[in-house]
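Counting convention: from 1, in listed order, for ligands and their atoms alike.
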Amino acid sequence: MCGIVGYVGMRSAQDVVIEGLRRLEYRGYDSAGIALVDHGTIASDKKSGKLANLEKAIEESPLPASTIGIGHTRWATHGAPTDRNAHPHLGREQRLALVHNGIIENFAEIRAELEAESHELLSETDTEVAAHLIERELDKGVDLTVAMQAACRQMEGAFTLVAVDSQDPDRVVAARRNSPLVVGLGEGENFLGSDVAAFIEHTREALELGQDQVVTITRDGVAVSTFDGEPAEGTRYHVDWDLSAAEKDGHDWFMRKEIFEQPRAVADSLLGRRDASGRLQLDEVRLSDEDLREIDKVIVIACGTSFYAGMVAKYAIEHWCRVPVEVELASEFRYRDPILTQRTLVVAISQSGETADTLQAIRHARSQGSKVLAICNTNGSTIPRESDAVIYTHAGPEIGVASTKGFLTQLVACYLLGLYFAQVKGTRFGDEINQIMDQLEEMPAHIDTVLSHADEVYAMAKEYLGTPSVLFLGRHAGYPVALEGALKLKELAYIHAEGFAAGELKHGPIALVDNGLPIWCIVPPRGRDQLHEKMVSGIQEVRARGARTICLAEEGDTAIEPYADVLIRLPKVPVLLQPLVATVPLQLFACELATLMGHDVDMPRNLAKSVTVE
Ligand code: AGP
């Protein structure tokens with residue numbers, strides 16, 4: 001989730017681009033870069049780290065004055081956050097400069113094709129491949145718009161691309177597929193940005209682009225086309241947000257924005273995971289198939305929300321791979337002298353990649369000869385660096401302290417690991433794996449459906465304002481969801497909240513149930529295994545003792561209706577994947593209740609986003 005800026009007009013492009021990047025830095029700050037068109041050449045600079053590093057470099061070695069340019073602030077996906085991997089990337093003849101957000105799924109094939117034509121690629125990024133590809137089209141004698149259209153027809157995945165051509169000082173050309181891009185409409189100048197925050201101080205008139213469109217901005221105009229070169233139109237609108245709302249995409253909190261970003265984040269985390277023949281490919285898993293086949297035990301270690309993702313991983317991996325999985329709190333792990341061998345795979349889950357408890361646990365595991373695979377959202381952070389392999393979750397930066405899209409994308413990574421492991425071990429047939437992958441690819445649409453009912457959840461939060469305690473019940477993969485729902489509420493609303501495995505209720509916790517106590521019940525989908533029926537009995541038991549039941553149940557589940565005081569419908573999905581939809585109303589509830597209570601949702605008291613002390 002990088003930040004992108006483009007400008008053509010009469011002002012200093014450097015000033016406009018740098019200011020735009022500052023507004024977009026919340027989208028990523030692994031590196032920053034700028035390219036300007038200067039009398040037939042590209043002048044560019046880029047630096048790893050925050051924008052301030054780039055600004056310092058430009059101060060020491062100024063760029064020429066120019067009124068056309070592009071810029072980028074990076075959230076690393078392909079390649080470590082280094083100077084070399086920073087954007088912009090140039091084409092082979094350095095005629096074209098390109099910035100990019102997203103993932104080009106078939107970049108390895110394009111790279112091989114270009115290398116066969118003696119293109120020398122200097123970085124590990126998919127972006128540089130695209131830069132060479134577009135410049136190769138330019139070499140055919142077409143203009144940048146046509147070159148961009150032709151290159152886009154060859155690329156798969158999700159991308160926003162913004163380019164300038166040193167031979168054409170009048171146009172900036174951009175393209176988008178499944179990745180954000182807006183045009184800012186000025187007088188004698190026009191702008192491009194990942195979101196309106198990039199240009200809101202210059203203009204509030206914007207044009208939203210459709211899917212698979214190319215846009216060409218000049219000083220005097222904006223032209224939109226399809227990837228096939230047919231004329232097209234964007235949707236014009238007026239922006240009435242202030243700057244801080246613009247950064248949050250109109251939401252009051254980063255957390256709420258991140259909740260609503262989840263369909264996109266889940267889709268991104270699934271991108272590029274299957275090859276042309278449909279087999280799963282996890283490039284970042286640097287463990288050989290032989291190594292993986294030798295594994296006889298998996299131990300998942302993590303903290304907080306990431307720990308709950310690990311609990312779901314246990315259900316999935318054991319079911320699909322028939323390998324025993326233990327799930328451990330990272331902070332407890334090394335103190336109990338765990339049994340670790342070379343055949344143990346330790347999976348460390350961490351959004352930030354910097355959690356000290358998790359880091360110490362993986363160091364201990366490696367010192368005992370076990371292999372460590374990290375599931376992480378932050379490219380280049382310590383935990384993936386110190387692991388043998390990594391699956392990045394591609395959620396983009398998570399700014400709200402309470403994890404939301406981080407969690408959902410961790411779940412996706414856990415499913416991918418389980419399916420990949422099953423493929424290597426041969427415990428599932430290829431068509432079964434493909435069927436589950438198809439179901440996973442439907443999840444962004446299902447999450448969208450759940451989000452479209454946010455108002456019902458908000459109304460309920462209003463109703464429960466003032467409640468001193470809330471319980472959450474779940475079974476199977478719904479149990480970690482119950483724990484996550486309770487954690488969100490504790491973190492944000494500072495009230496007593498507890499999650500239970502529903503079957504455990506009668507062994508003690510049911511004594512807590514009293515008149516009016518709100519209990520969220522995550523009802524498993526109906527199936528062959530009696531899970532659903534047992535959950536319904538548990539719900540009857542608490543209701544008989546005065547609890548108010550808020551039930552999350554799949555569409556068409558009529559058996560739950562008599563026992564639900566409030567019924568929130570979930571799309572029909574398999575039980576193992578249900579956490580991807582069932583967690584969302586709980587996040588919305590906690591966010592809304594905390595907002596109504598007047599709490600700072602993005603920075604709850606006593607908490608830090610990344611816990612770097614043990
Ligand atoms: C989640 O809402 C929390 N803020 C917290 O539990 C978090 O998940 C935990 O500290 C682990 O962080 P990590 O994923 O960055 O390692």
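- Each of the following atoms of ligand 1 lies closer than 4.0 Å to a heavy atom of Ser403: 1 (C), 2 (O).
- Note on Lys371 versus Glu294: no salt bridge recorded, every NZ/NE/NH1/NH2 to OD/OE distance being 4.0 Å or above.
- Between the side chains of Lys488 and Thr305, at least one donor-acceptor pair of N or O atoms lies under 3.5 Å.
- A cation-pi arrangement is absent between Arg273 and Tyr415 under the rule of less than 6.0 angstrom and at most 45 degrees off the ring axis.
- Ion pair Glu592/Arg256 flagged as a salt bridge, since at least one NZ, NE, NH1 or NH2 atom sits closer than 4.0 Å to an Asp/Glu carboxylate oxygen.
- Counting only heavy atoms of the protein, atom 10 (O) of ligand 1 lies nearest to Val611 CG2, 4.1 Å.
- Protein heavy atom closest to atom 12 (O) of ligand 1, with residue, atom name and distance, is Thr355 OG1, 3.5 Å.
- Distance alone, capped at 3.5 Å, places no donor-acceptor pair between the Lys257 side chain and the Asp249 backbone.
- Annotation: side chain of Leu408 is in contact with side chain of Val584 (closest heavy-atom distance under 4.5 Å).
- Of all protein heavy atoms, the one closest to atom 11 (C) of ligand 1 is Cys303 O, 3.4 Å.
- For ligand 1 and Ser350, the ligand atoms under 4.0 Å from any heavy atom of the residue are 13 (P), 14 (O), 15 (O), 16 (O).
- The atoms of ligand 1 that sit less than 4.0 Å from any heavy atom of Ser306 are 8 (O), 13 (P), 14 (O).
- Remark: minimum distance from atom 8 (O) of ligand 1 to any protein heavy atom is reached at Thr305 N, 3.2 Å.
- Aromatic rings of Tyr315 and His476 (six-membered ring for Trp) have centroids within the 6.0 Å cut-off, being under it.
- Annotation for ligand 1: atoms under 4.0 Å from non-hydrogen atoms of Ala402 are 2 (O).
- Heavy-atom contacts of Gly304 reach the following atoms of ligand 1: 6 (O) (cutoff under 4.0 Å).
- Each of the atoms 2 (O), 4 (N) of ligand 1 lies under 4.0 Å from some heavy atom of Val401.
- Among all protein heavy atoms, the one lying closest to atom 15 (O) of ligand 1 is Ser352 OG, 2.7 Å.
- Ligand 1 lies out of reach of Glu354, whose nearest heavy atom is not under 4.0 Å from it.
- When every heavy atom of Tyr494 is checked against every heavy atom of Arg605, the shortest pair comes out as OH-N, 2.9 Å.
- Not a single donor-acceptor pair under 3.5 Å links the side chain of Thr358 to the backbone N or O of Glu354.
- Listed by number with element, the atoms of ligand 1 under 4.0 Å from a non-hydrogen atom of Gln351 are 13 (P), 14 (O), 15 (O), 16 (O).
- With hydrogens left out, the protein atom closest to atom 4 (N) of ligand 1 is Glu491 OE2, 2.8 Å, a heavy atom.
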